[in-house]
Protein chains: 2
Amino acid sequence: MSSSKLLKGSLATIVMRLLEEQEKMYGYEITQKVKELTAGEFKITEGALYPTLHKLEAEGFLTTETQKVDNRVRKYYSLTREGNAEAKSKVAELEAFLVQLQKVLNPKPSLG
Amino acid sequence: MSSSKLLKGSLATIVMRLLEEQEKMYGYEITQKVKELTAGEFKITEGALYPTLHKLEAEGFLTTETQKVDNRVRKYYSLTREGNAEAKSKVAELEAFLVQLQKVLNPKPSLG
DNA sequence: TTCTTATGCATAAGAAAATTATGTATGTTT
DNA sequence: AAACATACATAATTTTCTTATGCATAAGAA
């Protein structure tokens, strides 16, 4: 992600969240989708994305199938059943984290 | 931070945000304040905090003064003038980041 | 009175997760 | 022909944590 070094550790969650929305996606497509959703603010680098995808696959959360389109190979990723559960879990964890973070960034002024 | 490995990269921002609210704080106090604000959800470890404080000081964003209280030394940190500007900048950057992150986590369903 | 917990600082080794650089290959646009 | 886009992948390095360790004082529990 180029938008600074923020949120290291959330890339896997982002990927799985996108795969909840869309049955199957390939790596390059993911980078473009994130770029599109954030109006160019997040730029996922391949050096971060591919190792993440490989790890999630190794953990059994994603499966792959390759397709050849216009003579170029695309490797499509989909959530497995466990991946689906993990996606919900990771997203919930991230959202809970964001709630707490807001409390630190915008603490309620003490009453009285 | 113990609440998982999320949000690496935001600790410096959190520290500076707290110092915007409170003139001067010492390390241990910062860990307790964050714990308090997040109802125990974030636990900042010393191994993360002290190097961060030292780095911010080296960069000229924080100054220190030590005080002895009950025979124990406290090292108080305060924002410098540049630190004040940097704090605003870092917080704004993090908040902008969170806005974009929300767009990825909760994309608006396509119309039509 | 001894052990544990709390307060308070600090550093070092290791792990996790990025960035940056590089490599291969094809297709499209200038 | 050169540049840019599509599409994958890996390696070296950097950043930023976690975990472990160390020192020291104070307070509370056993």
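Convention: sequence-line order gives letters A, B, ...; per-chain numbering from 1. These numbers come from a predicted model, not from an experiment.
Among residues two or more places apart in sequence or in another chain, the side chain to side chain contact (heavy atoms under 4.5 Å, CB included) test is passed with B:E29 by B:Q22, B:M25, B:Y26, B:Y76. Looking at residues two or more places apart in sequence or on another chain, you find no ring pair (Phe, Tyr, Trp, His ring centres under 6.0 Å) involving B:Y50. Looking at residues two or more places apart in sequence or on another chain, you find a side chain to side chain contact (heavy atoms under 4.5 Å, CB included) between A:P107 and B:R17, B:E21, B:L37. The side chain to side chain contact (heavy atoms under 4.5 Å, CB included) test applied to A:K35 returns A:Q32, not counting sequence neighbours. Partners of A:S89 by side chain to side chain contact (heavy atoms under 4.5 Å, CB included), not counting sequence neighbours: none found. Take B:E59 and apply the salt bridge (Lys or Arg N to Asp or Glu O under 4.0 Å) test, not counting sequence neighbours, and it matches B:K55. A:E65 is linked by a side chain to side chain donor-acceptor pair (under 3.5 Å) to A:K24, counting only residues two or more places apart in sequence or in another chain. For A:Q67, there are no side chain to side chain donor-acceptor pair (under 3.5 Å) partners two or more places apart in sequence or in a different chain. Listed by chain and residue number, nothing satisfies the side chain to side chain donor-acceptor pair (under 3.5 Å) test with B:N84 (two or more places apart in sequence, or in another chain).
Between the CZ atom of B:F42 and the P atom of D:dT16 there is a distance of 17 Å, rounded to whole Å. Between A:Y26 atom OH and D:dA9 atom C1' the separation is 17 Å, expressed in whole Å. Rounded to an integer number of Å, the gap from CD of A:E59 to C1' of C:dA16 is 12 Å. Rounded to a whole Å, the CZ atom of A:R74 is 13 Å from the C1' atom of C:dT26. Atom CG in A:L53 sits about 15 Å away from atom P in D:dA7, given to the nearest Å. Straight-line distance from the CG atom of A:L49 to the P atom of C:dT20: 16 Å, rounded to whole Å.
Less than 4.0 Å separates DNA chain D from no heavy atom of any residue of residues 17-25 of chain B.
Of all nucleotides listed (D:dA7, D:dC17, D:dT16), D:dT16 comes nearest to the side chain of B:K55. Residue A:Y50 has its side chain nearest to D:dA9 when only C:dA18, D:dC17, D:dA9 are considered. You'll find that the side chain of A:H54 is closest to D:dT10, out of D:dT10, D:dC17, D:dA7.
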key: Footprint string (nucleotides 19-26 of chain D, 5' to 3'): B base within contact, S backbone only, - free, heavy atoms under 4.0 Å   = B-----BS
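Helical stems in DNA chain D, defined as runs of 3 or more consecutive Watson-Crick or G-U wobble pairs with both donor-acceptor distances under 3.5 Å, are listed by first residue as C:1-30 with D:1-30.
In terms of heavy atoms, A:L79 sits closest to A:A87 at CD1-CB, 4.3 Å.
No side-chain donor-acceptor contact under 3.5 Å links A:E23 and A:S78.
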